[in-house]
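Okay, so here's the structure we're looking at.
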Amino acid sequence: MGVPNPREIACPLCGVRHRPPLKQGWNFIPCKEDHGIVVYVDEAGDIREIHGAAFSPTAGGLEIVESKLHLVPRWIDIDRVRAVIEGSVRPSEADRAAISLLMNMGILRRRV
Ligand SMILES: [Zn+2]
C-alpha cells in the first residue's frame, strides 16, 4: 500500500494530461477553469474510476431533494454541499464540481 506513483491521467472532458499526486480513495484534480477530474484509487493503488466534472457557475439558490439523497455518489460529502448552498462554507473547485453533478442528477434543484 502507500501512495501510488504519479501516473498520467487524461481529462475525460478536454483530453489534457495530468500527473497529479493521488491518494487512496477519491481524489479531485482541477483541470481548466470550468471543470476538473474525479479519480478513485483502490486499496492496491490502482486507478478504478475517472470522471470529468464541470463546475457549477453558482452555489446559491439551490436546495437538496431529500428523497434522492441515496443517489449521491460516494465521493461527494453531502454535509459539506449542504453547508456550501446554505452559504456557511465558501465552495472549493471540488464543491463546484459536486454541485454541478448533483444538479445534473436531479439531487439539487433551484429553489423556486
Ligand atoms: Zn480537462
Side-chain angles (χ1 to χ4, degrees):
M1 261 195 276
V3 180
N5 295 324
R7 266 156 300 174
E8 199 168 74
I9 292 169
C11 174
L13 296 181
C14 73
V16 167
R17 291 178 178 279
H18 300 263
R19 213 177 262 278
L22 294 171
K23 60 179 175 17
Q24 194 179 309
W26 294 99
N27 296 263
F28 182 77
I29 302 132
C31 182
K32 298 275 174 64
E33 63 278 357
D34 66 341
H35 68 264
I37 310 165
V38 177
V39 179
Y40 183 72
V41 177
D42 70 12
E43 297 75 19
D46 293 323
I47 293 172
R48 289 292 177 198
E49 294 187 40
I50 300 178
H51 306 285
F55 295 155
S56 170
T58 177
L62 299 172
E63 63 184 359
I64 293 170
V65 180
E66 303 288 339
S67 61
K68 293 188 176 174
L69 274 181
H70 62 285
L71 299 174
V72 175
R74 280 173 302 160
W75 64 273
I76 293 177
D77 179 349
I78 195 68
D79 290 330
R80 184 171 164 90
V81 169
R82 213 183 281 274
V84 167
I85 65 177
E86 284 167 0
S88 57
V89 172
R90 198 180 179 80
S92 66
E93 287 176 316
D95 295 330
R96 290 169 63 211
I99 286 167
S100 179
L101 183 74
L102 293 173
M103 287 178 75
N104 290 344
M105 294 176 73
I107 298 167
L108 279 180
R109 66 183 171 204
R110 292 204 179 284
R111 222 186 284 273
V112 285

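When atom types are taken as modelled, the side chain of Asp77 and the backbone of Trp75 share no donor-acceptor pair closer than 3.5 angstrom. The closest donor-acceptor contact from the side chain of Arg96 to the backbone of Ser56 lies under 3.5 Å. A donor-acceptor pair under 3.5 Å is absent between the side-chain atoms of Asp46 and the main chain of Asp42, judged by distance alone. Asp95 places a side-chain N or O within 3.5 Å of a backbone atom of Ser92 that can act as its donor or acceptor partner.
Applying side-chain contact (heavy atoms from CB on, under 4.5 Å) to Leu108 and the options Ile78, Val72, Ile85 leaves one that passes, Ile85.
Here the shortest heavy-atom pairing between Leu71 and Met105 reads O-CE, 3.4 Å. Among all heavy-atom pairs drawn from Gly106 and Val65, the shortest one is O-CG2, 3.5 Å. The heavy-atom pair separating His18 from Ile37 by the smallest distance is CD2-CD1, 3.5 Å. In terms of heavy atoms, Pro12 sits closest to Gly52 at CG-N, 3.5 Å. Scanning both residues, Ile50 and Ala10, for their nearest heavy atoms gives CG2-O, 4.5 Å. Summarising the geometry of Cys11 relative to His35, their closest heavy-atom pair is SG-NE2, 3.5 Å, with the distance given to 0.1 Å.
By the criterion of side-chain heavy atoms lying less than 4.5 angstrom apart, applied directly or through intervening Ile, Leu, Val, Met, Phe, Trp or Tyr residues, Met103 is grouped together with Ile64 in one hydrophobic cluster. A continuous path of Ile, Leu, Val, Met, Phe, Trp and Tyr side chains, each step under 4.5 Å between heavy atoms, connects Phe28 with Tyr40, placing both in one hydrophobic cluster. When the side chains of ILVMFWY residues are joined at heavy-atom separations under 4.5 Å, either directly or via intervening members, Val38 and Ile76 end up in a single hydrophobic cluster.
For the pair Leu102/Pro73, a side-chain contact is recorded, criterion being any heavy-atom separation below 4.5 Å from C-beta on. The side-chain heavy atoms of Glu49 and Trp26, taken from C-beta on, include a pair separated by under 4.5 Å. For the pair Val41/Arg48, no side-chain contact is recorded, criterion being any heavy-atom separation below 4.5 Å from C-beta on. Leu22 is listed as a side-chain neighbour of Ile29, based on a closest heavy-atom distance under 4.5 Å.
Here the straight-line distance linking atom CD of Glu63 with atom CZ of Arg109 works out to 4.5 Å at 0.5 Å rounding. Rounded to the nearest 0.5 angstrom, Cys31 SG and Arg17 CZ are separated by 12.0 Å.
Using a 4.0 Å cut-off between a side-chain N of Lys or Arg and a carboxylate O of Asp or Glu, Arg82 and Glu66 qualify as a salt bridge.
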